[in-house]
Amino acid sequence: MKIKYLLLFLALPICFSCSDDLLNQKPSTSVSDEQIMTEVVAARTALMGAYAQLGDYRYHTLATITSDVMGQDLTMTSGAYGFSTYNWLVFSYQYAQTPVISPWWTGYANYIWRYAYKSIDQANTIIVNAKALKPEGAEKEDLIAQAYGLRAYNFLLLTQLFARAYTDQPDSKGILLRLEPGSNDESRNVPRTSVREAYKQILSDLMYAYEHCSGEDAQFVNRRGAALLLARTYLNMGDYANAVKYATDAVGLYDGSNLMTKDEYRAGFKDRNKEWLWFFNFTPNTCNLYASIPSFYWYCSSFEGYPYGAKIASQDIEGKAKNILKGYSTVRASASFRDMFEDSDCRKLFPGYAYEEDGFFISKFGHRKNIGDAESPFCRIAEGYLIKAEAELGLGNAAEAKKVLNILQKARGATPTEATVELIWKERRKELYGEGFALNDIKRLSMSLKRTGKDQWAGVKELPANSPRFMLPIPETEMLYNKQLTAEDQNEYWRN
C-alpha cells in the first residue's frame with residue numbers, strides 16, 4: 001500500500017526516556033487485503049487496527065496534549081525544578097514543531113500525520129470493499145458505519161491541527177482526502193483539498209455513521225457519539241442551527257441528570273461513566289504507560305498537611321504527596337488559569353505547586369493501579385451543553401444559551417453567569433482542559449494567544465488571531481514523496 005510505503009520513511013528509531021518495548025503496545029492486525037475484501041470477520045480485524053492507531057501514543061497523546069499546551073491556560077515544567085521533561089512536548093508548548101522528523105521532539109507533526117492516515121487507510125479498505133463483504137446483516141452494516149465514523153474523526157482532527165479554521169478561510173488549503181486504500185501507484189497520490197472540501201467529506205462520513213451505526217457500546221463509534229461529532233463539526237463551521245440539532249440528539253435532556261457527578265469528575269477520568277459517549281478503552285496491557293496522557297498530568301491527589309492548592313516545600317513534594325503515582329507529571333496549569341476557578345468548582349483539580357515559575361500540578365487525569373491505565377474520552381455530554389449554549393447565542397437565543405450554560409455551571413459547583421462568547425469560551429476552557437480543545441477553540445473563535453504570568457516561560461507568549469503559527473507543518477516526507485504537492489502546499493510559516 002502506498003501509504004505504508006511512504007511512511008516507512010517515518011519509521012526511524014526514536015530515543016525515549018523509557019523502553020520502546022514498554023511503550024509500543026500495539027495489537028496485531030495482520031490480515032490480508034483479500035480477506036478484508038470479502039469477510040466481515042477479517043474486516044473487523046482491520047477495523048480494530050484502525051481503532052488501535054487512535055490510541056497509539058504517537059497520535060493520541062501527542063495530538064491531544066499538543067493541542068492543549070499550544071493554548072494559553074496550561075504550561076509545562078521547564079525541567080529546572082526536579083521534574084525532567086526529557087524533551088517530551090516542550091517544543092509543542094514553545095511553538096517549535098517543524099516539518100522534519102529529526103530530532104523527534106520537534107517532529108510530532110510527522111507522527112500525528114502518520115498514525116492518522118494509517119487509521120484512515122484501514123478504514124478505507126473496509127469502505128471501498130463494503131459491497132463485497134459477507135455475510136450480509138446488521139454486524140456488517142454497523143462495521144461499515146464505524147469505518148466511516150473513524151475516517152471522519154481522523155479527517156476532522158487533521159483539519160483542526162494542519163489547516164486554518166473554517167470560520168477564518170474556508171477556501172484555504174485543507175488536508176489530503178485519501179478515500180481509497182493506499183497504493184504504490186504514484187498516479188493515485190492526492191493533492192491538498194480546501195478546508196471547505198474537507199468539511200464536506202467529514203460531514204458526509206459522519207452522517208453515514210450517524211444514520212447506520214446500530215451498536216451502543218461506547219468503546220466504538222456509535223450513533224450518539226457520531227451526533228456529538230456532527231455538532232462539533234457544525235460548530236467549527238459556524239452552522240449554529242445544525243450544531244444545536246445534533247448536540248441535542250447526542251445529549252437528550254439539558255437538565256443536568258446526564259452529567260457526571262462532582263465526585264466522578266474529581267475521580268481522575270480513569271473510568272467511563274454515563275457522560276462519556278465514546279472513549280478509548282485502555283487496559284494495563286494496551287495503555288501507553290509513561291507515554292500516556294495521565295503520565296504527563298497526574299502526580300498526586302493532594303499533599304498531607306497542606307491546604308489544597310498551596311505552595312509545597314520542596315522537601316515535601318514527594319514525602320507528603322497522597323495517592324502518588326509518578327509518571328512524567330510535566331504538564332501544569334498556569335496560575336492565571338487556576339485563578340479562573342472558584343473553590344467550590346469540582347473542576348479545580350490543582351493540588352499544589354512547588355515554585356511560582358513551574359505551574360500547578362494537575363490531578364484531572366489519573367491512573368488506576370498502573371501508570372497510564374485509564375480510559376480516555378473522545379466525546380462527553382458536557383461538550384454538548386457547551387455547543388448548545390454557544391450555538392443558541394449565535395442564533396440570537398441568549399436566554400436559552402444562558403439557561404443551558406447555567407445548568408452545567410451549577411452541576412460543577414460554579415456560580416452561574418451570563419452567556420456571552422467570552423464567558424462560554426471561558427467555560428469550555430474550565431470544562432474541557434486537557435482533552436485537546438484549546439488550540440482549535442482559539443482558531444475557530446478567532447482569538448489571539450495571550451500567555452501571562454511567571455509560569456509561562458515559553459518565548460511565544462502572544463500571537464494574533466488567525467496566526468499561521470496555529471497550524472502544524474505538513475511533514476517533510478509527505479512534501480517530498482507526494483508528487484501532487486508543491487512548495488506552496490506547505491503551511492505558510494514553514495515555507496522556504
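This structure is a prediction, so every number in the text was calculated from the model and none was measured.
- Around the NZ atom of Lys274, the shell of radius 6.0 Å holds more than 12 heavy atoms that belong to other residues, nucleotides or ligands.
- Judged as a ring pair (Phe, Tyr, Trp, His ring centres under 6.0 Å), and not counting sequence neighbours, the contacts of Tyr297 are Phe365.
- Put simply, SG on Cys300 and CG on Asn323 are 8.0 Å apart, with the number rounded to the nearest 0.5 Å.
- Closest approach of Leu206 and Gly149 over heavy atoms only: CD2-O, 4.4 Å.
- For Phe279 and Phe378, the ring centers sit 6.0 Å or farther from each other.
- A heavy-atom distance below 4.5 Å is found between the side chains of Leu230 and Leu203.
- Residues Ile381 and Met260 are not in side-chain contact: their nearest non-hydrogen atoms beyond the backbone lie 4.5 Å or more apart.
- In this structure, Glu422 CD and Thr417 OG1 are separated by 12.0 Å, a value rounded to the nearest 0.5 Å.
- For the 3.5 Å distance criterion, the side chains of Thr64 and Ser67 fail to qualify, holding no donor opposite an acceptor.
- Screening residues 254-268 for salt bridge (Lys or Arg N to Asp or Glu O under 4.0 Å), with sequence neighbours left out, gives Asp263-Arg266.
- The distance from the CD atom of Gln122 to the CD1 atom of Ile127 is 12.0 Å, given to the nearest 0.5 Å.
- Residues passing the salt bridge (Lys or Arg N to Asp or Glu O under 4.0 Å) test with Asp217, sequence neighbours excluded: none.
- With sequence neighbours excluded, the residues that form a side-chain contact (heavy atoms from CB on, under 4.5 Å) with Glu136 are Lys134, Lys140, Glu141.
- A donor and an acceptor atom, one from each side chain of Asp239 and Asn242, are located under 3.5 Å apart.
- For Glu342, the salt bridge (Lys or Arg N to Asp or Glu O under 4.0 Å) criterion is met by no residue, not counting sequence neighbours.
- In this structure, the ring pair (Phe, Tyr, Trp, His ring centres under 6.0 Å) partners of Tyr246, at least two apart in sequence or on a different chain, are Tyr210, Tyr234.
- Partners of Val41 according to the side-chain contact (heavy atoms from CB on, under 4.5 Å) rule, which considers only residues two or more places apart in sequence or in another chain, do not exist here.
- Rounded to the nearest 0.5 Å, atoms CZ (Phe220) and CG (Leu150) are 10.0 Å apart.
- Residue Cys346 holds its SG atom at 9.5 Å from CZ of Phe341, rounded to the nearest 0.5 Å.
- Looking at Arg192 and Glu478, no side-chain N of the basic residue comes within less than 4.0 Å of a carboxylate O on the acidic one, giving no salt bridge.
- A distance of 8.5 Å separates CG in Asp345 from CD in Glu431, rounded to the nearest 0.5 Å.
- Under a cut-off of 6.0 angstrom, the local environment of NZ in Lys270 is crowded, with over 12 non-hydrogen atoms contributed by other residues, nucleotides or ligands.
- Looking only at side-chain heavy atoms (C-beta outward), Arg232 and Cys379 come within less than 4.5 Å of each other.
- Aromatic rings of Trp298 and Phe361 (six-membered ring for Trp) have centroids beyond the 6.0 Å cut-off, not under it.
- Taking the ring centroids of Phe337 and Tyr433, they lie under the 6.0 Å cut-off.
- For Phe282, the ring pair (Phe, Tyr, Trp, His ring centres under 6.0 Å) partners two or more places apart in sequence, or in a different chain, are His60, Phe280.
- Here the closest heavy-atom approach between residue Val251 and residue Gly384 is recorded as CG2-CA, 3.7 Å.
- Contacts classified as ring-ring contact (aromatic ring centres under 6.0 Å, His included) and involving residues 381-412 (residues at least two apart or in different chains) are given here: Tyr254-Tyr385.
- Side-chain atoms of Arg412 and Leu259, non-hydrogen and from C-beta on, do get closer than 4.5 Å to each other.
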Notebook entry, point to check: Could you walk me through whether Lys173 and Asp489 pass the salt bridge (Lys or Arg N to Asp or Glu O under 4.0 Å) check?
Noted result: CA-CA 7 Å; Lys173 291 185 181 296; Asp489 285 300; 3.0 Å; yes

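- In this structure, Arg338 has no salt bridge (Lys or Arg N to Asp or Glu O under 4.0 Å) partners at least two apart in sequence or on a different chain.
- Residues that satisfy the ring pair (Phe, Tyr, Trp, His ring centres under 6.0 Å) test with Tyr59, not counting sequence neighbours, are absent from this structure.
- Under the rule for a salt bridge (Lys or Arg N to Asp or Glu O under 4.0 Å), the partners of Glu400 that lie at least two apart in sequence or sit in another chain are Lys388.
- The aromatic ring centres of Phe91 and Tyr95 sit 6.0 Å or more apart.
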